Amino acid sequence: EYYAGGGGGGARVPSGGTAAPGGLGGGGAGATGGGLTATAGTTNTGGGGGGGGYTDSGTINGAGGAGGSGIVILRYEGSQKGSGGAVTSGNGYTYHTFTSSGTYTP
């Protein structure tokens with residue numbers, strides 16, 4: 001899995017610029033200009049929002065997207081030793097995943 005992908009750059013219009021897609025891990029796509037807003041980063045990935053578009057005169061012509069909310073993943077070897085978050089296990093590890101405020105209790 002990927003997390004905290006970078007946001008894509010916005011396009012310059014009408015010069016024919018092309019907005020970039022967001023990076024792996026939840027990055028939002030850049031604005032294509034023409035007043036269109038960039039895509040926000042994906043929720044619970046910490047991905048960056050896409051960049052705003054702009055005109056040849058340098059005027060912003062499409063707002064940048066908001067960043068995605070974050071995530072915290074606690075991983076340790078062996079069976080579960082505490083509580084908190086969404087608990088899963090696999091390949092000899094235990095994972096505690098937090099997508100909102102929470103507390104890990106050993």
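Keep in mind that this is a model prediction, so the values were computed, not measured.
Although no hydrogens or angles enter the test, the distance criterion places no donor-acceptor pair under 3.5 Å between the side chain of Thr94 and the main chain of Ser89.
Here Lys81 contributes atom NZ and Thr105 contributes atom OG1; the two are 15.5 Å apart, rounded to the nearest 0.5 Å.
Not counting sequence neighbours, the partners of Tyr76 by the side-chain hydrogen bond (donor to acceptor under 3.5 Å, both in side chains) test are His96.
Nearest heavy-atom pair across Thr18 and Ala11 is C-CB, 3.7 Å. Between Ile73 and Tyr3, the closest heavy-atom pair is CD1-OH, 3.4 Å. Residue Gly62 comes nearest to Ala31 through the heavy atom pair O-CB, 4.1 Å, listed as atom of the first residue, atom of the second, then distance. The shortest non-hydrogen separation linking Asn44 to Ser69 is N-OG, 3.0 Å. What you find for Ala19 and Gly30 is that their closest heavy atoms are CB-O, 3.3 Å.
For the pair Val72 and Tyr104, the minimum side-chain heavy-atom distance is 4.5 Å or more.
The hydrophobic clustering, which links ILVMFWY residues whose side-chain heavy atoms are closer than 4.5 Å, places Ile71 and Tyr93 together. There is no path of hydrophobic side-chain contacts, each under 4.5 Å, that joins Phe98 to Tyr2.
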